[in-house]
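Heads up, the thing below is written out as structure tokens.
A quick note: this is a predicted structure, and the numbers were derived from the prediction, not measured. Residue indices begin at 1 and follow the sequence shown. In each ligand, atom 1 is the first atom listed, and ligand 1 is the first ligand listed.
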Amino acid sequence: MQKIIIAIDGYSSTGKSTVAKRLAKALGYIYVDTGAMYRAVTYHALKNGFIGTDSGKLRDLIEDLPKIELKFMPNNETGQSDMYLNGENVEKAIRTLGVSKYVSKVATVDAVRRKLVDMQKKMGSEKGIVMDGRDIGTVVFPKAEFKIFMTASPEKRAQRRYKELLDRGEQVTFEEVLKNVRERDHIDSTREISPLQKAEDAIVFDNSDMGLQEQFERIHDFALRVIGKQQNKKDAK
Ligand code: DC
């Protein structure tokens, strides 16, 4: 069957990764969580004191970029991929509210974006990939065959995120999480380089009032139709 690229963009905590993971599994595709890559760079920056009020610190991060090695490796227990930073499994460490607070800022740095976008393009060179993020359909794969733009109300998204953090044992308040969701929306969609934007040919998917199963089924059906069309095109050549 013809393989395609599926780009899933949207606001934070819209459940992009949950749907993307299931979709990739159902299609036998590779799943790439690009947010994890920006989070890993942010974790590295925090650990090394590259985040501060003066811009000199960011320059230090940029200088350090060639030394940052990122890799996704399978986790046999969870059946999913974990993020590794210079050989260290940082899957848990990158999901804290501490990292969430700074990641949007780090994601505005041009040199960081260039490095990560370059890696992402290489990962999709063979197609058969589901990638989620903020600029996948606009910048990383503008020619992706299937693009989705996920959205939901800030309150619904904060509720989901709040529950996730509590389940992981983090001490946070709902107000703190809602504030972070709103702040990230603002920074992600107003930044100069590759702001979060719906690609012209993306399908908008508002899942404020939709359960996981329904979301998955709708998106999966759609993906199968797109794959079928691509296969027909190929056969007709
Ligand atoms: O998907 P996430 O919430 O884990 O992403 C974390 C941050 O990374 C998000 O606030 C914006 C940034 N990001 C980005 O700028 N471009 C991407 N392709 C993915 C994430």
Thinking salt bridges, do [X] and [Y] make one under a 4.0 Å N-O criterion?
X	Y	value
R95	D33	yes
E175	K179	no
K147	D201	yes

Examine the proximity of ligand 1 to [X] and report which part, side chain or backbone, both or neither, has a heavy atom under 4.0 Å away.
X	answer
R113	side chain
R191	side chain
R134	both

ask   = For atom 10 (O) of ligand 1, which candidate among S104, G133, S194 provides the closest heavy atom?
value =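 Checking each option, the heavy atom nearest atom 10 (O) of ligand 1 is found in S104.
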ask   = Taking the six-membered ring for Trp, are the ring centroids of F149 and F205 within less than 6.0 Å of each other?
value =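 Ring-ring flag for F149/F205: false, centres at least 6.0 Å apart.
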inquiry  = For a quick check under 3.5 Å, do E176 and N180 share a side-chain donor-acceptor pair by atom type?
reply    = no
message = Evaluate Y38 for polar contact with ligand 1, using N/O atom pairs at a separation under 3.5 Å.
response =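 No, since none of the N or O atoms of Y38 sits under 3.5 Å from an N or O of ligand 1.
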query = Do any N/O atoms on D135 end up under 3.5 angstrom from N/O atoms on ligand 1?
reply =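 Yes, there is a polar N/O contact under 3.5 Å.
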ask   = What distance separates Q231 CD from I4 CD1, expressed to the nearest 0.5 Å?
value = 11.5 Å
Closest non-hydrogen protein atom to [atom], residue and atom name please, with distance?
atom	result
atom 4 (O) of ligand 1	R39 NE, 2.7 Å
atom 12 (C) of ligand 1	A107 CB, 3.8 Å
atom 3 (O) of ligand 1	R184 NH1, 2.9 Å
atom 19 (C) of ligand 1	T34 OG1, 3.3 Å

message = In terms of relative ring orientation, are F50 and H44 parallel, tilted or perpendicular, with 30° and 60° separating the classes?
response = tilted
